Structures are given as C-alpha cells and as structure tokens.
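Below is one structure, written out as structure tokens; comments come after it.
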Amino acid sequence: MNFEVKMKNIYEIFDEIAKAKNKNDRIAILRYNNSYALKNVLLGTYAPYINFVFDKIPTYKSSDSPPGLGYSSIHQELGRIYLFEKDNPKVNPNLSHKRKEELLIQILESLEAREAEVFANMILKKQKVKNLDKKLVDEAFPGLI
C-alpha cells in the first residue's frame, strides 16, 4: 500500500495559526509544517535584509482553480522570487521593471487565488494572518531570520 502525505498549502497553515488558541500551539503548527516553502515565505516576509522592488502588487486575474489544482504552487515559484529582490546579484541588470511586473503577474495568475495572496503579501512584507509575526517565527525557527 502506498500512502502519500499531502503537503498543506501555506494559506492552510496560516489559517491554523489564526485559529490556534495560544502561542505554544502556533509554534507547534509552524514546526509541524516545516517545509522549504513555509520557511522561505516566512523569510521573505519577515527578514529585514530581504527587500523587494514592488511596493504595490500589479493588477492580475485571480485563478479560479479549485484548491490543490492550481497550475503552479508557491513551492515551485519560490525559485524565481529572487527576480523581485532589490539588488540581488543573480538578476540580469537588463531585466526591466516592466518585465519583472509581467513575470510577477504570470506567477500570481498561475497560483491558486489564496496562494497568490500569500505570495503577494510576502513581496509586500505583510502577511495578514492573525497571531503571526516575526517574534513567533523567531521562536518557532531560531536563527531563520
């Protein structure tokens, strides 16, 4: 028998954090769901040394794909987040702001609507999640930020 463990979407983890009764439960939720995607979303959101070239998200068409059936996922798209970082040496200096905007729109439109919201909020450095802040992330993952 083959059992497949389904990795939760980041917004599902954030929903659990918002509903958790206390700080210890919130920390446990973060640690239990420890993944490349979660840690990198938290890093992008809360690390003061990571800054992005956008201070507002360009208009995009929200995906209407059902949960779990988005064309892409945050896990896949995090590999391209560096394109939107200020002063990242890996970014081609000829990549215009307009082209970065087009790439961001493509990424956001390829994600489920709520995942796109998490990705966009990471770029704006403001996850709108009750009870989630830099202090909680520091306690759950010491040394991450």
Side-chain angles (χ1 to χ4, degrees), residues 2-20 25-145:
N2 186 6
F3 293 100
E4 185 178 321
V5 177
K6 182 193 177 293
M7 194 166 35
K8 291 179 188 168
N9 286 317
I10 303 300
Y11 67 82
E12 292 173 309
I13 299 165
F14 287 176
D15 288 350
E16 287 180 26
I17 290 169
K19 292 176 190 161
D25 288 351
R26 292 187 279 278
I27 289 170
I29 291 165
L30 286 171
R31 288 180 178 162
Y32 179 78
N33 292 287
N34 182 356
S35 69
Y36 165 85
L38 177 62
K39 279 186 163 178
N40 279 281
V41 165
L42 296 172
L43 193 60
T45 303
Y46 296 110
Y49 54 87
I50 296 174
N51 294 294
F52 298 100
V53 297
F54 298 102
D55 45 17
K56 74 181 193 78
I57 299 299
T59 304
Y60 66 96
K61 184 181 178 300
S62 245
S63 170
D64 57 2
S65 61
L69 298 175
Y71 176 75
S72 190
S73 70
I74 280 185
H75 191 89
Q76 291 172 287
E77 297 303 339
L78 280 169
R80 299 197 295 170
I81 192 69
Y82 76 93
L83 293 170
F84 313 118
E85 287 179 35
K86 283 184 182 169
D87 306 319
N88 186 310
K90 292 194 296 187
V91 178
N92 184 327
N94 297 320
L95 187 63
S96 70
H97 189 77
K98 178 152 181 50
R99 182 63 183 135
K100 288 178 185 178
E101 216 171 78
E102 292 166 353
L103 290 167
L104 179 58
I105 290 168
Q106 286 172 1
I107 288 171
L108 294 173
E109 289 181 349
S110 74
L111 297 170
E112 288 177 34
R114 291 205 51 211
E115 288 277 89
E117 193 178 304
V118 169
F119 196 90
N121 287 340
M122 174 182 56
I123 286 174
L124 296 175
K125 302 196 69 76
K126 292 180 188 165
Q127 291 300 335
K128 298 167 185 158
V129 181
K130 181 182 164 195
N131 301 316
L132 178 65
D133 58 21
K134 183 181 182 302
K135 188 176 178 204
L136 183 75
V137 174
D138 280 338
E139 284 189 58
F141 302 119
L144 176 67
I145 297 176

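Treat the numbers as computed from the prediction; the structure is a model and nothing was measured. These numbers come from the heavy atoms of this one structure, side chains and all, not from hydrogens, waters or symmetry mates. Positions are given from 1, in the same order as the sequence printed here.
Comment: Lys98 does not engage Glu101 in a salt bridge, judged by the lack of any side-chain N to carboxylate O separation of less than 4.0 angstrom. Ion pairing between Arg114 and Glu117 fails under the 4.0 Å rule for side-chain N and carboxylate O.
Listed for the Glu16 side chain is no donor-acceptor partner under 3.5 Å among the backbone atoms of Ile13. For Asp133 (side chain) and Leu136 (main-chain N/O), a donor-acceptor pair under 3.5 Å exists by modelled atom type. Side-chain N or O atoms of Lys130 include none that pairs as donor or acceptor with a backbone N or O of Asp15 at under 3.5 Å. Side chain of Arg26 to backbone of Ile17: no donor-acceptor contact under 3.5 angstrom is found. Of the possible polar contacts, none joining the Lys125 side chain to the Pro48 backbone as a donor-acceptor pair under 3.5 Å is found.
Atom NZ of residue Lys100 and atom CG of residue Leu83 lie 7.5 Å apart, to the nearest 0.5 angstrom. Rounded to the nearest 0.5 angstrom, Leu104 CG and Arg99 CZ are separated by 11.5 Å. We find the OG-CD distance between Ser110 and Glu77 to be 4.5 Å, quoted to the nearest 0.5 Å. Interatomic distance, CD of Gln76 versus CD of Glu115, reported as 10.5 Å (0.5 Å rounding). Atom CD1 of Ile107 is separated from atom CZ of Phe119 by 4.5 Å, given to the nearest 0.5 angstrom. In this structure, Ile10 CD1 and His75 NE2 are separated by 9.5 Å, a value rounded to the nearest 0.5 Å.
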(message) Checking Thr45 against Asn121 for the side chain to side chain contact (heavy atoms under 4.5 Å, CB included) test, could you report, in this order, the C-alpha distance in whole Å, the side-chain angles of both residues, the deciding distance, and whether it holds?
(response) CA-CA 8 Å; Thr45 303; Asn121 287 340; over 6 Å; no

(message) Set out, in order, the CA-CA distance, both residues' side-chain angles and the distance that settles side chain to side chain contact (heavy atoms under 4.5 Å, CB included) for Met122 and Leu78, then state yes or no.
(response) CA-CA 11 Å; Met122 174 182 56; Leu78 280 169; 3.8 Å; yes

(message) If you apply the rule side chain to side chain contact (heavy atoms under 4.5 Å, CB included), what do you find for His97 with Val53, and how did you get there?
(response) CA-CA 8 Å; His97 189 77; Val53 297; 4.0 Å; yes

(message) Checking Leu38 against Phe14 for the side chain to side chain contact (heavy atoms under 4.5 Å, CB included) test, could you report, in this order, the C-alpha distance in whole Å, the side-chain angles of both residues, the deciding distance, and whether it holds?
(response) CA-CA 10 Å; Leu38 177 62; Phe14 287 176; 4.0 Å; yes

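Listed here is the closest heavy atom pair of Asn92 and Asn94: OD1-N, 2.7 Å. Heavy atoms only, all atoms of each residue included: Ala20 and Ile29 are closest at CB-CD1, 3.9 Å. Minimum heavy-atom separation, Val91 to Tyr82: CG2-O, 3.2 Å. Minimum heavy-atom separation, Asn88 to Lys90: OD1-N, 2.8 Å. Of all the heavy atoms in Val118 and Gln127, the pair that sits closest is O-NE2, 3.0 Å. Minimum interatomic distance between Leu132 and Tyr46 (heavy atoms only, all atoms of both residues): O-OH, 3.3 Å.
Leu30 is listed as a side-chain neighbour of Leu42, based on a closest heavy-atom distance under 4.5 Å. With contacts defined as side-chain heavy-atom distances shorter than 4.5 Å, the pair Ile81/Ile123 qualifies. At least one side-chain heavy atom of Ile50 sits less than 4.5 Å from a side-chain heavy atom of Glu85.
Using cut-offs of 30° and 60° on the angle between ring planes, the pair Phe84 and Phe54 is tilted.
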Can I get a per-line list of side-chain donor-acceptor pairs under 3.5 Å for residues 56-69, giving both atom names and the distance, sequence neighbours left out?
unit_1: Ser63; atom_1: OG; unit_2: Ser65; atom_2: N; d: 3.1
unit_1: Ser63; atom_1: OG; unit_2: Ser65; atom_2: OG; d: 2.9

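Legend: residues meeting ring-ring contact (aromatic ring centres under 6.0 Å, His included) with Tyr32, ordered by chain and number and at least two apart, are absent.
In this structure, a donor-acceptor pair under 3.5 Å is present between the side chains of Glu112 and Tyr11.
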